[in-house]
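Numbers restart at 1 for each chain; the letters A, B, ... are given by sequence-line order, proteins then strands. Please read these numbers as outputs of a predicted model, since none were measured by experiment.
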2 protein chains.
Amino acid sequence: MSTVQVVNEMLVTEGRALKHVQVREYVRTLVTGAAPGSPAPSERELVHRFGVARMTVRQAMDALVVEGLLERIPGRGTFVARPRRAPSRLTSFTEEMARRGLLAESQTLLARREQAGPGVARALNLTEGDAVIHWRRLRRADGQPMCLEDAYLNEVLIPGFLQSGMPTSLYDALDSRGLRPTWAEDSINADVASEEEAQHLDLPAGGPVLRHSRRGLAGEKVVEVSRTVYRADRYTIWLQVGAEG
Amino acid sequence: MSTVQVVNEMLVTEGRALKHVQVREYVRTLVTGAAPGSPAPSERELVHRFGVARMTVRQAMDALVVEGLLERIPGRGTFVARPRRAPSRLTSFTEEMARRGLLAESQTLLARREQAGPGVARALNLTEGDAVIHWRRLRRADGQPMCLEDAYLNEVLIPGFLQSGMPTSLYDALDSRGLRPTWAEDSINADVASEEEAQHLDLPAGGPVLRHSRRGLAGEKVVEVSRTVYRADRYTIWLQVGAEG
DNA sequence: CAGTGGTCTAGACCACAGT
DNA sequence: CTGTGGTCTAGACCACTGG
């Protein structure tokens, strides 16, 4: 599915809905929450119900099959598929700390509208000078300073974010807008703390730190760019790479 | 009309080839190796070439679009897509450097049979004292020291490894035995170099380094455990996390 | 303007499940 | 047997792109 299709659908919501989209969304509502293995309506039943051609119904069902929501069994019917893969959600700092049995706290040092600099603009697919939200937080785990995070958000995607009161978890906030990142491009390297960082993190200046940059994407949209500096003595990144886990 | 049906059956009995599969594979051969952005044949051109209905051609092209091989642009045509996903293979140091346009070199500092210590034994799913192969290498990129790697292999899985002459690439060697890791559990943190590490890496002692530990698995078997220390000023880890890239 | 992909129709025959 | 999905036809109109 291309960006163009998404645009089509958005235009359509303000006008007449495409038939295959109508059918698809009808089936989706029937299917979401249903137990794996439950039967979906048969293609010919949907043909009758919507008064459309069978190819149109198939186009609708095809999309759901590709999504992994449905499974076709020739000669038997179409059924709710069991989830293929664990939804590899990106974990937020809050979730990450919880997984380690630590209580995450967050202190906002900065939350304001800014003009995107060259680096942030490129990472967010914006033009230099475009409006971005800059959110700097000092994050603690069990009261100990753990990292200093600068997050940049595309203001166009998150209107009224600053006015709505800052949430505890950025990812939860994005989630409620349907913009939780599903994948990301990360880079990780080691460095020494700057004086400002050292002060915030309660480190000697020049002490070792771990730098983690993230470009978080929801679909094709870059929703978050962040740069985080961790105390090297308190934080280790764990991750699983590759498939077939 | 019945003529058409007869022709269909003849084709089917001859090659067992469905029409949309024929079209799909024809387009695939045209497309593999072509530069991203190259145009694929138009749908109507394929209709003429194969004498099939347009829906059949679309079914063929749909499959390639879902695969990520093709990209449709309404009003313009269908084009070779640029690869979406990161390679699911784990990349070796050699491949990693090649991707950055650097020449990887490797100097073996140690290659011998040892008894597994407690940490290595646990990571390799062995018992302390079991035989392991310990391979320590200093790795350079374009002549500059880049990292120091200690790899431990389960000797039972790789008999005669030390006698067969050390290969250039560990992953290639494992690959030839069908033991190339397909996934891994990694941990990454920042630290300062020990004196020995600093000497090898041509760093001042206490300089910042990136430590990367890996448990590489092929299926359910742990085939490799490694600990690598990188010069912080020369190495950054890049990775893509999550799905739907 | 001509060409492209996006959508849609109203049928058809097939192989295969289950009864 | 009936019903299912899998395949396929021969058209059609639309919105969009490019020259």
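Ion pairing between a basic and an acidic side chain is recognised when a charged N comes within 4.0 Å of a carboxylate O; A/Glu149 and A/Arg139 show such pairing. In summary, A/Arg211 and A/Glu197 engage in a salt bridge, as defined by a charged side-chain N under 4.0 Å from a carboxylate O.
Proximity of A/Asn125 to A/Arg215: side-chain heavy atoms (C-beta onward) are separated by under 4.5 Å at one or more points. Between A/Arg137 and A/Leu170 the shortest side-chain heavy-atom distance falls below 4.5 Å.
Here C/dT7 presents its C1' atom at 7 Å from CG of A/Leu18, a figure rounded to the nearest Å. Taking atom CE of residue A/Met55 and atom C1' of nucleotide D/dA12, one finds them 15 Å apart after rounding to whole Å. For the pair B/Arg58 CZ and D/dT9 C1', the interatomic distance rounds to 16 Å; values are reported in whole Å. Look at CG on B/Leu70: it is 15 Å from P on C/dT4, rounded to the nearest Å. At whole-Å resolution of the value, NZ in B/Lys19 and P in C/dC14 are 14 Å apart. Between A/Glu71 atom CD and D/dG6 atom C1' the separation is 16 Å, expressed in whole Å.
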Item checked: Pair pattern of DNA chain C in dot-bracket, where unpaired bases get dots and | marks partners in another strand, Watson-Crick or G-U under 3.5 angstrom -> ||||||||||||||||.|.
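Applying the 4.0 Å criterion to OP1 and OP2 of C/dC16, one finds that A/Arg76 has every side-chain N and O outside that range. Side-chain nitrogen and oxygen atoms of B/Thr56 include none within less than 4.0 Å of the OP1 or OP2 phosphate oxygen of D/dC8.
Judged purely by distance below 3.5 Å, without hydrogens or angles, the side chains of A/Glu114 and A/Tyr152 never pair a donor atom with an acceptor atom. For B/Tyr171 and B/Glu95, the side-chain atoms include no donor-acceptor pair closer than 3.5 Å.
The stretch residues 39-54 of chain A comes close to DNA chain D through A/Ser42, A/Glu43, A/Arg44, A/Arg54, each having a heavy atom under 4.0 Å from the strand.
Under the 30°/60° scheme for interplanar angles, the aromatic rings of A/Tyr26 and A/Phe50 are found to stand perpendicular.
Interatomic distance, A/Asn189 CG to B/Arg234 CZ, rounded to the nearest 0.5 Å: 14.5 Å.
When each of C/dG6, D/dT17, D/dT7 is scored by its nearest atom to the side-chain atoms of B/Gln59, the top-ranked nucleotide is D/dT7.
Listed by first and then second residue, the salt bridge (Lys or Arg N to Asp or Glu O under 4.0 Å) pairs involving residues 121-133 of chain A amount to none (not counting sequence neighbours).
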